[in-house]
Amino acid sequence: MHEKQEMIRVEKLNKSFGDLHVLKDIDMTVNESDVVVLVGASGSGKSTLLRCLNFLEIKNSGKIIIEGEEIESDTHNLNEVRQRVGMVFQHFNLFPHKTVLGNVIEAPTQVKGIRKEDAIKAGKTLLDKVGLGDKYDVYPSTLSGGQKQRVAIARALAMKPDVMLFDEPTSALDPELVGEVLATMKELAEEGMTMVVVTHEMGFAREVGDWVIYMHDGKIVEFGHPNDVFDNPKEKRTQEFLGSIL
Amino acid sequence: MHEKQEMIRVEKLNKSFGDLHVLKDIDMTVNESDVVVLVGASGSGKSTLLRCLNFLEIKNSGKIIIEGEEIESDTHNLNEVRQRVGMVFQHFNLFPHKTVLGNVIEAPTQVKGIRKEDAIKAGKTLLDKVGLGDKYDVYPSTLSGGQKQRVAIARALAMKPDVMLFDEPTSALDPELVGEVLATMKELAEEGMTMVVVTHEMGFAREVGDWVIYMHDGKIVEFGHPNDVFDNPKEKRTQEFLGSIL
Amino acid sequence: GSGEEAEGDSNSSDNGDSENGYNLIEEGKLTFAASGEFKPFSYMEGSEMVGFDIAVAEAIAEKLGLEPAQQKAKFSGIVTGVNQGRYDIAVASHTITEERLEKVDFSEAYYYSGPVIYTRPDSDIHSAEDLKGKEVSVARGTTYVEMANDYTDNIPQVDSDVVALQSLAKGHHDAVLTDDITGLTAIENGLEIENRGQLGVSEQAVAVQKGNDELLDAINEALKEMKESGELAELSKEWIGVDITQEPENITE
Amino acid sequence: MSSILHFFDVFISSYDVFLDGLWITFKLSVASLLIAFIIGLFFAILKISNIKILEWIADAYIWIVRGTPLIVQIFILFYGLTDILLIPMFWAGVAGLAFHSGAYIAEIIRGAIQSIDKGQREAGRSLGMGTGLTMRRIILPQAFRRAVPSLGNQFIIGIKDSSLVSFIGMQDLFGVASTMGANSFDYLPYYVTVAIYYLFIVLILTVAVNKIEKKLAESD
Amino acid sequence: MSSILHFFDVFISSYDVFLDGLWITFKLSVASLLIAFIIGLFFAILKISNIKILEWIADAYIWIVRGTPLIVQIFILFYGLTDILLIPMFWAGVAGLAFHSGAYIAEIIRGAIQSIDKGQREAGRSLGMGTGLTMRRIILPQAFRRAVPSLGNQFIIGIKDSSLVSFIGMQDLFGVASTMGANSFDYLPYYVTVAIYYLFIVLILTVAVNKIEKKLAESD
Ligand SMILES: Nc1ncnc2c1ncn2[C@@H]1O[C@H](COP(=O)(O)OP(=O)(O)OP(=O)(O)O)[C@@H](O)[C@H]1O
Ligand SMILES: Nc1ncnc2c1ncn2[C@@H]1O[C@H](COP(=O)(O)OP(=O)(O)OP(=O)(O)O)[C@@H](O)[C@H]1O
Ligand SMILES: [Mg+2]
Ligand SMILES: [Mg+2]
């Protein structure tokens with residue numbers, strides 16, 4: 001197995017909202033094709049970390065290095081960087097005024113300037129892949145939550161990102177719809193996509209995750225392979241947390 | 001033990017909302033000082049039955065006899081009848097623009113024409129009784145749910161009703177606040193108040209209830225003493241329902 | 001001067017002899033309307049109207065032994081107001097016309113004047129003929145509407161003559177038709193406009209509600225007295241600077 | 001520069017006449033808004049009466065008011081209705097403004113009444129309070145509180161709208177500006193002056209409404 | 001009875017002049033509302049720009065418009081702006097109405113933009129769409145839909161407000177009625193006639209707005 005390339009490196013990342021110090025000296029590395037699962041109690045800073053990686057939040061200090069390049073919000077074109085890092089949200093955030101296909105081709109045509117015909121062709125392929133080949137022209141409001149989230153995944157993939165971030169992609173779904181989204185994500189992981197996933201789905205974490213990061217109060221307190229972390233947590237806090245959600 | 005007086009009698013009561021036949025040929029009798037607990041699945045018609053007894057809903061057919069007098073909405077003054085039948089709602093329905101004491105004295109002064117001083121005196125006594133002697137002059141918004149419900153009980157009692165109806169009086173409360181309301185209701189029962197109570201609190205039903213009525217789909221399908229009904233339900237539906245909530 | 005007298009104090013109650021068959025809105029009072037926006041005939045000083053029209057009205061009231069009560073009104077509503085009995089009379093520079101005679105009765109004329117074409121100094125309008133197809137603004141409900149109609153269809157109508165003149169001076173419209181005295185006053189007040197010719201002569205009179213013949217007769221009587229005694233000419237000189245109460249031939253071109 | 005000096009001159013020297021106008025605007029606004037409030041309350045109650053014919057009457061009134069310009073309403077009342085009933089100018093103005101604002105206030109109050117949880121009505125009735133008593137003692141007091149921001153806003157609109165009575169000859173604030181402008185053949189400084197008066201009134205009222213809103217919010 | 005016959009007579013015989021007035025009201029309303037929409041959009045964006053000075057400018061504009069009567073605004077523009085720029089009467093009217101409606105439209109659009117879930121903005125930005133592109137392609141289309149009922153209402157108000165331009169001499173619907181009324185000394189039938197024209201316009205527009213609302217609701 002050849003040495004994997006480094007996709008994301010974070011060094012001493014700090015982020016505060018006013019007086020609230022939310023991320024404290026975060027260090028982490030995500031290599032090519034890694035699936036990193038982020039767990040932790042509510043308010044521990046998981047979403048904030050993910051949002052920093054997508055530059056939806058701007059860090060206070062520390063380094064964020066994407067594919068070897070250190071990104072600073074004042075010298076880089078963040079819109080360009082965001083194209084390389086796709087994001088899937090808990091509440092889907094589909095564009096309600098556009099059809100399913102319209103959602104998927106919006107950014108490629110508007111941002112990358114891809115010709116509409118080409119974008120449509122690529123978009124249809126992606127929608128077929130996530131199992132929505134029969135829904136091109138319907139509006140998001142007519143879809144189930146699971147279908148919406150799969151459209152959101154297709155929409156992010158349409159920009160051909162190198163890394164995908166998922167922030168609790170299944171926690172707004174009815175239990176019977178969780179599976180279809182996890183299956184799509186698993187497929188993506190198997191194709192070698194680099195992924196950072198915030199989730200409470202421990203089955204998925206064990207099966208698909210290469211690494212687990214446990215966050216507590218803005219710090220990374222445990223890091224390791226899923227089976228190690230879940231079965232033999234080193235920290236007492238991790239044990240308690242896992243006890244509460246498993 | 002002398003024969004108890006009949007407080008409420010219902011004969012062949014029917015109530016529909018449009019095409020929806022909600023109460024079907026209900027027969028029931030509530031005697032003086034009885035505590036009747038009404039149970040049944042959601043939508044079975046418990047609230048509707050209670051509201052018919054208070055004339056908030058007007059029956060389609062059948063008889064409602066309150067203290068020996070058959071009440072018809074077109075020949076009786078319902079406002080006068082409602083004074084004899086107090087009601088406590090799931091969501092308290094306190095008057096937010098009046099103080100606790102103001103809530104309690106509103107109807108006695110406005111409807112019965114009792115002098116304000118007398119109403120205040122009586123109201124304070126009632127509030128003391130439900131354990132809110134220190135809250136006369138605060139507004140409802142500052143109270144906990146349990147306190148609000150006790151004010152609602154005091155407000156209904158202030159009209160000196162002969163019967164009290166309770167529609168799920170504790171189900172909007174945080175679990176730790178349920179006890180204080182049930183205690184107030186128990187005390188009331190012990191003083192000999194005639195009560196009809198819709199509740200899912202089986203402990204209360206066993207301890208305080210004289211009778212249990214089980215409703216299903218608009219009909220009374222079981223009636224008996226609490227221990228008999230709960231421990232040896234005759235009907236399969238009752239068994240299933242009790243299984244689901246106990 | 002009569003200006004002071006004209007400040008008709010509503011508290012004065014020396015009108016004991018008002019039982020004289022005039023059909024008045026308020027016993028002992030002569031309620032008269034004027035626009036208050038037609039300097040120098042009527043305009044505001046504080047919250048009271050003053051001017052030639054007002055002075056005439058107050059002199060008439062005095063002659064009739066009545067207390068004058070002024071009512072400010074939009075010019076376009078005054079004839080209707082008299083007709084409907086909102087005001088006893090109007091002393092508001094109304095030119096006598098056929099249309100108005102259908103709604104109200106008119107007294108003898110109390111002054112004579114003529115409508116004048118006003119333009120900005122740089123205008124190429126020099127006579128009535130030049131008005132053809134031009135934008136000619138006038139005050140709503142005035143006789144100038146009809147005159148302008150002879151030359152053009154483009155007739156913006158506003159609430160008072162002064163508004164029209166002011167817009168003209170500011171650069172709107174091509175011309176305004178209004179009374180020459182009003183135009184002169186505007187020029188004296190600094191508006192940069194010019195007189196480009198007069199369109200005939202008109203007679204201004206007091207409007208009285210139809211059927212109120214006693215009042216009309218009394219007003220005519222009063223005007224006659226004032227003309228003969230020279231009082232009317234005095235008032236004219238005081239408020240206008242010249243005597244415009246004589247018959248037409250000596251009106252300046 | 002000189003025109004600014006001239007403006008200040010006008011602004012200062014005209015204050016006494018404008019204060020007279022302000023007083024008329026004030027009387028007119030207060031009278032018309034009080035009456036509008038009563039009209040609005042009346043039609044709001046018609047609208048929620050559940051009696052078809054009364055609802056239609058209220059709908060027709062609101063539709064006519066909302067469907068025609070205020071100036072048309074004022075002119076019809078002032079010039080038109082005089083054939084039937086000759087009302088003095090002040091009261092014609094008051095009537096026109098009240099007739100107009102009344103429809104908007106009716107809609108505000110109706111909305112507020114309907115926004116009150118129906119449990120409140122049921123609680124009142126279950127205590128033996130009749131429909132009228134429940135409305136008067138329970139529903140309306142809560143509805144009015146809830147309507148305060150919108151009513152405040154409507155009152156401010158009403159004061160500005162009152163400027164239109166100058167077109168039937170009243171010497172309200174705007175009427176004063178018009179006649180002073182006409183007297184001096186110099187409108188602009190007078191209109192700017194009157195604009196400042198209105199801005200000032202609206203500012204004060206906005207602050208007052210906000211204060212009341214806050215007070216009410218506290219007591220909740 | 002005879003007065004009703006007389007009214008019908010006036011109503012029917014005056015139709016050609018009123019149609020001329022209607023045409024002016026129409027041109028005026030369309031032009032002013034289009035411009036007001038652009039002004040409103042511009043100031044709405046200033047208000048949400050998060051740049052203090054731009055927000056202040058927008059606040060000042062909205063405060064001035066909401067703090068003064070429309071008639072004052074029209075007169076100041078008509079008499080005042082001519083010192084700087086001589087605009088024809090029609091465009092002075094358009095400018096006054098647009099300046100006025102613009103502030104209300106700005107508040108409507110701002111409210112609609114702020115009511116759009118912020119997840120929409122984040123989704124756009126996470127896809128690499130810049131702030132401007134996200135605003136234009138994602139936020140505004142949704143905000144406009146949501147604003148349709150309020151905008152429709154404001155447009156109706158704008159049409160009624162346009163009646164005030166008659167006071168600077170325009171022969172719009174209301175100007176025609178005033179002129180005909182004044183010249184015939186017979187106000188009531190003309191004002192009632194013009195009221196009916198306005199009612200009719202408003203009725204048509206209300207129906208149209210409701211239709212559009214329903215259409216939009218369906219596609220959601
Ligand atoms: N925009 C913001 N402004 C202020 N505080 C914020 C903001 N976003 C997040 N926070 C705070 O930062 C802390 C971490 O929030 P974050 O959303 O990252 O937690 P999380 O681990 O994702 O929790 P959850 O599991 O509930 O999603 C919380 O205390 C939160 O209230
Ligand atoms: N005002 C109404 N109009 C139409 N249908 C109604 C109305 N009130 C109740 N219903 C219907 O009548 C049926 C019985 O309702 P009811 O509230 O009496 O049930 P319930 O036994 O109290 O249920 P829950 O335990 O949920 O309170 C339900 O199907 C309900 O939807
Ligand atoms: Mg989160
Ligand atoms: Mg119920």
Side-chain angles (χ1 to χ4, degrees), chain A residues 47 50-58 76-99 102-114 137-142 148 151-152 154-161 163-167 172, chain E residues 37 40-41 44-45 48-52 55 105 108-152 208-220:
Chain A
S47 296
L50 228 55
R51 292 161 61 84
C52 282
L53 298 180
N54 193 250
F55 303 92
L56 288 175
E57 305 288 356
I58 300 304
H76 281 78
N77 178 351
L78 295 181
N79 288 328
E80 189 276 319
V81 180
R82 288 194 191 105
Q83 294 172 39
R84 290 189 264 151
V85 184
M87 179 120 177
V88 174
F89 300 88
Q90 180 177 3
H91 293 286
F92 331 129
N93 297 348
L94 293 182
F95 305 138
H97 59 302
K98 298 199 174 285
T99 61
N103 267 272
V104 174
I105 66 171
E106 176 68 16
T109 52
Q110 295 296 321
V111 180
K112 285 199 166 162
I114 289 172
D137 296 324
V138 307
Y139 282 88
S141 58
T142 63
K148 282 181 187 162
V151 174
R155 180 177 68 176
L157 291 176
M159 292 301 280
K160 301 197 197 303
V163 185
M164 286 280 284
L165 311 176
F166 295 83
D167 191 359
Chain E
F37 186 79
L41 184 56
I45 288 174
I48 57 163
S49 66
N50 275 327
I51 302 171
K52 270 279 161 298
E55 285 175 40
I105 292 177
I108 291 170
I109 295 178
R110 181 192 58 77
I113 290 175
Q114 289 182 340
S115 79
I116 302 297
D117 181 52
K118 75 186 214 310
Q120 291 292 314
R121 180 171 284 121
E122 296 190 342
R125 293 178 55 214
S126 81
L127 289 166
M129 298 171 77
T131 322
L133 195 59
T134 305
M135 180 57 77
R136 197 156 51 74
R137 300 273 313 173
I138 308 302
I139 308 299
L140 286 184
Q142 295 183 56
F144 285 144
R145 268 163 194 244
R146 203 162 290 183
V148 160
S150 306
L151 284 177
V209 170
N210 288 347
K211 277 242 171 84
I212 295 173
E213 259 180 79
K214 251 194 207 130
K215 263 261 170 66
L216 291 178
E218 269 166 28
S219 85
D220 276 350

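Proteins come first, then strands; the chains are lettered A, B, ... in the order of their sequence lines, and each starts at number 1.
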Atom of [X], atom of [Y] and distance for their closest heavy-atom approach:
X	Y	result
E/A123	A/F89	CA-CE1, 3.7 Å
E/M129	A/N79	O-OD1, 3.6 Å
A/N54	E/S126	OD1-CB, 3.3 Å

Interchain contact, [X] with chain E, by part (heavy-atom threshold 4.5 Å):
X	answer
A/E106	side chain
A/V88	neither
A/L165	neither
A/F95	both
A/K112	neither
A/R155	both

Nearest 0.5 Å, please: how far is [atom2] in [Y] from [atom1] in [X]?
X	Y	atom1	atom2	answer
A/Q110	E/R137	CD	CZ	3.5 Å
E/I138	A/N103	CD1	CG	7.5 Å
E/Q142	A/K98	CD	NZ	9.5 Å
A/N93	E/K118	CG	NZ	9.0 Å

- A/K160, NZ: over 12 other non-hydrogen atoms inside 6.0 angstrom: no
- Task: Would you sort out whether A/M87 and E/E122 count as a side-chain contact (heavy atoms from CB on, under 4.5 Å), showing the intermediate values?
- Result: CA-CA 10 Å; A/M87 179 120 177; E/E122 296 190 342; over 6 Å; no
- Query: What residue in A/Q83, A/R51, A/E80 has the most heavy-atom pairs under 4.5 Å with chain E?
  - Reply: A/R51
- Message: Which atoms of E/L133 are under 4.5 Å from chain A, going by heavy atoms: the side chain, the backbone, both sets, or neither?
- Response: side chain
